[in-house]
Structures are given as structure tokens and as C-alpha cells.
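Following: one structure in C-alpha cells, then a few remarks.
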Amino acid sequence: MASKVVACIRHHDWQRNTDLIALRQKGYTPYSRMFDRSFQPKPLRITARSESREALSALSLVLAANCDYSPDSEYMFEVMLPVEEMARRMGVLHVYDNGRKAYDVLLNALRVLEQLDYVVVHRDRDSDSGQHKPMRVFLTERFFTSRGMTVESVRQWLHNYHQWAIAAGVAESLREKYERHH
């Protein structure tokens, strides 16, 4: 399942993504003050910079490759990877000399995907750092349909994946992996 989704994502052209173009025309940037009511967004260039497109592509690949596609799960399409590990796999995790970890590129790309309604992010206070950060990430239907996949094809892939998991005897181990994640 993940390989089919990743294949579709690899061929996605962010410069032609109508959702991203519309979002940029509204004037959103990941750096805009989202909670400041006096903030007036300015129209942006229609095409995102190459660094932004690369970050969106890298994050999308990490999300798709580490998503729980099991229909037996309590929540469909939950990404089974901590945010810090997502940053490491994207190659954007920076560890300072004092041990502080930063991954602003990932957080900005995640905010853009959230604004596009491609992901739902549950944020909470991290017990280690005390900061408010993304704890759980879920892919939405639009994540798939924006990449040219139809809802019916995703359902068929899920059905085939479920049948394979049962036949291969890994359905139980997938359920255990999901329980360990929580």
C-alpha cells in the first residue's frame, strides 16, 4: 500500500498543485501570525520556492511511507512516527551543542499541508521539552486525491492490503505495532 502511494507522490508537481496555488494567492505563509487578528496576508508568488517544494515532497514521502494503512486500526491513516524521527528521515533535524533539537523546515511544511487540508495534526505539550508540538498526524482523503489517486483506488488498495495481511499472518503484528505506538 505504502509503495503505491509513494509512487504517486514521487510524480507530484507542486508547481501545478491547484490547492497550493490557491493558498498562496490568499497570502498564507508558514511564518504568518496565524493567531494575530490584525495580520493582513499579502498575495505571494504563485509558485513556491524550490526549497519549499522539496520540503513538501520530502515530508509527503515520509508521511506516506510511515502511515498505518490497516483498516483494523482505530484511526485510519495515522502516521506511526514521532515528529523528531520524521525530521531525521527528511534530513532536516538539527541538534545544537547543548542538545536542543530543531526541525523548523518540517514544522513549516507540516503547517502548509495542514492549511491545504491534507493532514490533521493533534498538538500537545511535550513532556521532555515542555513545548507545544505535533504529537499525532493523520492523512486526510485530500492527501491522496490531490496526488491523482481516486478514493475508489485507495479503497481497493486498502482491501488488497488487508487481504494480504490476513493471508500472510501479519495482521496481528500490525495491531500490536499500533498498540505500541499509543
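One-based numbering along the sequence shown. Just so we're clear, the structure is a prediction, and the values are computed from it rather than from any experiment. Values below: all heavy atoms of this structure, side chains included; hydrogens, waters and symmetry mates excluded.
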Point to revise | Any N66 side-chain heavy atom under 4.5 Å of M80 side chain | key: no

Point to revise | CZ-CG distance between R53 and N17, expressed to the nearest 0.5 angstrom | key: 11.5 Å

**Study point:** Electrostatic pair R88-E85, nearest N-O below 4.0 angstrom
**Key:** yes

Point to revise | R10 atom CZ: more than 12 heavy-atom contacts under 6.0 Å | key: no

Exercise for review: Give, for atom CG of D68 and atom CE of M76, the distance between the pair rounded to the nearest 0.5 Å.
Suggested key: 7.5 Å

Point to revise | R147 to F143 six-membered ring, cation-pi geometry met (6.0 Å, 45°) | key: yes

Review point. Would you say E141 has more than 12 foreign heavy atoms packed within less than 6.0 Å of its CD?
Key: no

Practice item. Look at the side chain of T140 and the backbone N and O of Y118, then say whether any donor-acceptor pair between them is shorter than 3.5 Å. Key: yes

Point to revise | Straight-line distance of L93 CG to M86 CE, nearest 0.5 Å | key: 12.5 Å

**Study point:** Closest approach of V121 to P134 (non-hydrogen atoms, all atoms of both residues)
**Key:** CG1-CB, 3.6 Å

**Study point:** Residue pair V5, L139: steps toward the side-chain contact (heavy atoms from CB on, under 4.5 Å) verdict
**Key:** CA-CA 12 Å; V5 175; L139 305 182; 5.9 Å; no

Check your understanding: Between L63 and I9, is any pair of side-chain heavy atoms under 4.5 Å apart?
Key -> no

Review point. Tell me, do L56 and L20 make a side-chain contact under 4.5 Å, heavy atoms counted?
Key: yes

Exercise for review: Begin with the C-alpha distance, continue with both residues' side-chain angles, and end with the deciding distance and a verdict on side-chain contact (heavy atoms from CB on, under 4.5 Å) for L116 and R142.
Suggested key: CA-CA 8 Å; L116 293 170; R142 287 186 61 166; 5.8 Å; no

Review point. Would you say D97 has more than 12 foreign heavy atoms packed within less than 6.0 Å of its CG?
Key: no

Review point. Given Y103 and M90, is the side-chain contact (heavy atoms from CB on, under 4.5 Å) satisfied, shown in steps?
Key: CA-CA 10 Å; Y103 35 84; M90 284 177 64; over 6 Å; no

Point to revise | Option passing side-chain contact (heavy atoms from CB on, under 4.5 Å) with L59 (candidates N108, V105, L110, V137) | key: L110

Point to revise | Test item: S153 side-chain N/O and M149 main-chain N/O as donor-acceptor pair under 3.5 Å | key: no

Practice item. Taking all heavy atoms of R125 and all of H132, pick out the closest pair and write down the distance. Key: N-ND1, 3.9 Å

**Study point:** Distance in Å, K4 NZ paired with Q156 CD, rounded so as to fall on 0.5 Å steps
**Key:** 8.0 Å

Check your understanding: Would a distance-only check, ignoring hydrogens and angles, find a side-chain to backbone donor-acceptor pair under 3.5 Å from Y69 to A64?
Key -> yes

Exercise for review: Could you tell me the separation between the CZ atom of F144 and the SG atom of C67, rounded to the nearest 0.5 Å?
Suggested key: 5.5 Å

Exercise for review: Apply side-chain contact (heavy atoms from CB on, under 4.5 Å) to L158 and F77, showing your working.
Suggested key: CA-CA 11 Å; L158 285 172; F77 306 124; 3.7 Å; yes

Review point. Can you name the closest pair of heavy atoms from V6 and A65 and give their distance?
Key: CG2-N, 4.1 Å

